[in-house]
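A short worksheet on the structure shown next.
Here, residue 1 is the first one in the sequence, and each next residue gets the next number.
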Amino acid sequence: MLLPAKVKYRKMQKGNTPASLRAATTKTTLAFGEYGLKVMQGCWITSRQIEATRRAMTRFVKRGGKIWIRIFPDKPMTNHGNESVMGGGKGAVDHYVAVVRPGTIVFEMGGVDEKTAREAMRLASFKLPSTCRFIKK
């Protein structure tokens with residue numbers, strides 16, 4: 001799973017909810033491969049979801065071609081135990097998420113034909129918490 005090696009601050013505030021995020025200004029065009037998976041709604045994508053998506057794509061293309069991951073989970077998410085009392089402070093870091101804005105390309109693929117890439121991206125989109133669109137150069 002992906003997680004940062006070192007962070008400046010151990011815990012972070014949640015900030016705006018992902019659904020209210022403005023459209024992406026970076027990572028909106030294909031930079032590495034011929035095909036991509038674009039997220040249409042803002043969301044938080046966990047490192048587990050990124051790994052599950054990567055495995056689904058890799059397994060379908062039978063380890064052929066090349067896959068690029070364009071996002072990285074660097075926002076820490078905390079949680080408390082179920083029966084902790086109020087006033088106990090902020091919980092420990094549980095996992096990391098990547099904040100993804102609408103229109104961001106999260107995965108790219110190259111070295112395979114369009115039919116294979118389209119089906120691999122379709123399988124991958126089921127693993128993500130947002131609606132996605134297949135794009136090509």
Side-chain angles (χ1 to χ4, degrees):
M1 285 198 320
L2 297 170
L3 67 145
K6 184 180 173 188
V7 289
K8 187 168 185 180
Y9 298 109
R10 195 163 53 94
K11 298 174 183 177
M12 190 181 288
Q13 292 184 341
K14 284 187 178 174
N16 290 333
T17 58
S20 67
L21 292 174
R22 294 182 307 276
T25 56
T26 60
K27 300 177 190 167
T28 56
T29 58
L30 292 171
F32 303 104
E34 298 108 36
Y35 310 105
L37 192 65
K38 182 184 270 195
V39 171
M40 303 313 293
Q41 301 166 337
C43 60
W44 288 335
I45 300 180
T46 67
S47 54
R48 286 175 182 264
Q49 290 166 339
I50 294 171
E51 178 64 15
T53 307
R54 184 196 65 79
R55 289 179 67 178
M57 286 191 297
T58 306
R59 188 167 288 149
F60 185 79
V61 297
K62 298 181 177 68
R63 294 180 57 192
K66 178 129 175 70
I67 296 172
W68 290 271
I69 302 172
R70 299 280 307 269
I71 55 174
F72 186 79
D74 57 353
K75 183 182 182 75
M77 288 287 136
T78 61
N79 75 336
H80 259 299
N82 287 339
E83 297 181 8
S84 59
V85 296
M86 287 173 55
K90 196 172 173 79
V93 173
D94 184 46
H95 61 278
Y96 288 86
V97 298
V99 179
V100 179
R101 292 179 168 200
T104 303
I105 295 176
V106 290
F107 292 97
E108 291 188 28
M109 185 181 288
V112 293
D113 60 290
E114 182 181 346
K115 183 180 173 188
T116 306
R118 188 176 291 274
E119 181 61 20
M121 295 286 189
R122 187 186 72 82
L123 293 173
S125 67
F126 293 135
K127 308 290 184 188
L128 297 175
S130 173
T131 56
C132 300
R133 181 173 291 162
F134 177 79
I135 59 170
K136 61 182 179 179
K137 267 192 178 166

- Tell me, with the steps shown, if Met109 and Val61 meet side-chain contact (heavy atoms from CB on, under 4.5 Å). CA-CA 10 Å; Met109 185 181 288; Val61 297; 4.1 Å; yes
- Shortest non-hydrogen contact from Gly65 to Val112? CA-CG1, 4.0 Å
- Lys137, NZ atom: more than 12 neighbouring heavy atoms under 6.0 Å: yes
- Message: Can you list everything that forms a side chain to side chain donor-acceptor pair (under 3.5 Å) with Lys136? Sequence neighbours excluded, please.
- Response: Glu114
- Item | Spacing of Arg118 atom CZ and Arg122 atom CZ [to the nearest 0.5 Å] | 11.5 Å
- Item | Heavy-atom check, side chain of Met40 versus side chain of Pro102, under 4.5 Å | no
- Are Leu123 and Tyr35 connected, step by step, through hydrophobic side chains (Ile, Leu, Val, Met, Phe, Trp, Tyr) whose heavy atoms are closer than 4.5 Å? yes
- Item | Joint cluster assignment, Ile69 & Phe134, ILVMFWY side-chain distance < 4.5 Å | yes
- Message: Tell me every residue that passes ring pair (Phe, Tyr, Trp, His ring centres under 6.0 Å) with Phe60, counting only those two or more places apart in sequence or in another chain.
- Response: none
- Task: Identify, with sequence neighbours excluded, every residue that meets side chain to side chain contact (heavy atoms under 4.5 Å, CB included) alongside Ala24.
- Result: Thr28, Arg101, Thr104
- Please name all residues satisfying side chain to side chain donor-acceptor pair (under 3.5 Å) with Arg48, sequence neighbours left out, ordered by chain then number. none
- Who pairs with Ser84 by side chain to side chain contact (heavy atoms under 4.5 Å, CB included), at least two apart in sequence or on another chain? His80
- What residues, two or more places apart in sequence or in another chain, satisfy side chain to side chain contact (heavy atoms under 4.5 Å, CB included) together with Ala124? Leu37, Thr53, Met57
- Non-hydrogen side-chain atoms of Lys38 and Cys132 separated by less than 4.5 Å: no
- Message: I'd like to know if Leu2 and Val7 are part of one continuous hydrophobic network [Ile/Leu/Val/Met/Phe/Trp/Tyr, side-chain heavy atoms within less than 4.5 Å].
- Response: no
- Task: Can you run down the salt bridge (Lys or Arg N to Asp or Glu O under 4.0 Å) pairs that involve residues 58-83, sequence neighbours left out, and say none if there aren't any?
- Result: Arg70-Glu108
- Message: Any non-hydrogen side-chain atom of Ile50 less than 4.5 Å from a side-chain atom of Ile71?
- Response: yes
- Task: May I have the step-by-step check of side-chain contact (heavy atoms from CB on, under 4.5 Å) for Val106 and Leu128, ending in yes or no?
- Result: CA-CA 10 Å; Val106 290; Leu128 297 175; 4.2 Å; yes
- side chain to side chain donor-acceptor pair (under 3.5 Å) partners of Arg54, counting only residues at least two apart: Glu51
- Task: Could I get the full list of side chain to side chain donor-acceptor pair (under 3.5 Å) partners for Ser47, not counting sequence neighbours?
- Result: none
- Item | Val97 side chain near Ile45 side chain, heavy-atom distance below 4.5 Å | no
- Is there a side-chain contact between Pro73 and Leu3 (heavy atoms, below 4.5 Å)? no
- Query: Quick one: CD1 on Ile67 to CZ on Arg55, what's the gap to the nearest 0.5 Å?
  - Reply: 12.5 Å
- Query: So do the side chains of Val100 and Trp44 get within less than 4.5 Å of each other, counting heavy atoms only?
  - Reply: no
- Message: Checking Lys90 now: which residues fulfil side chain to side chain contact (heavy atoms under 4.5 Å, CB included) with it, not counting sequence neighbours?
- Response: Lys11, Thr78
- Item | Set of residues satisfying ring pair (Phe, Tyr, Trp, His ring centres under 6.0 Å) with respect to Phe32, sequence neighbours excluded | Trp68
- Note on the structure: residues 96-119 vs ring pair (Phe, Tyr, Trp, His ring centres under 6.0 Å), sequence neighbours excluded, gives none
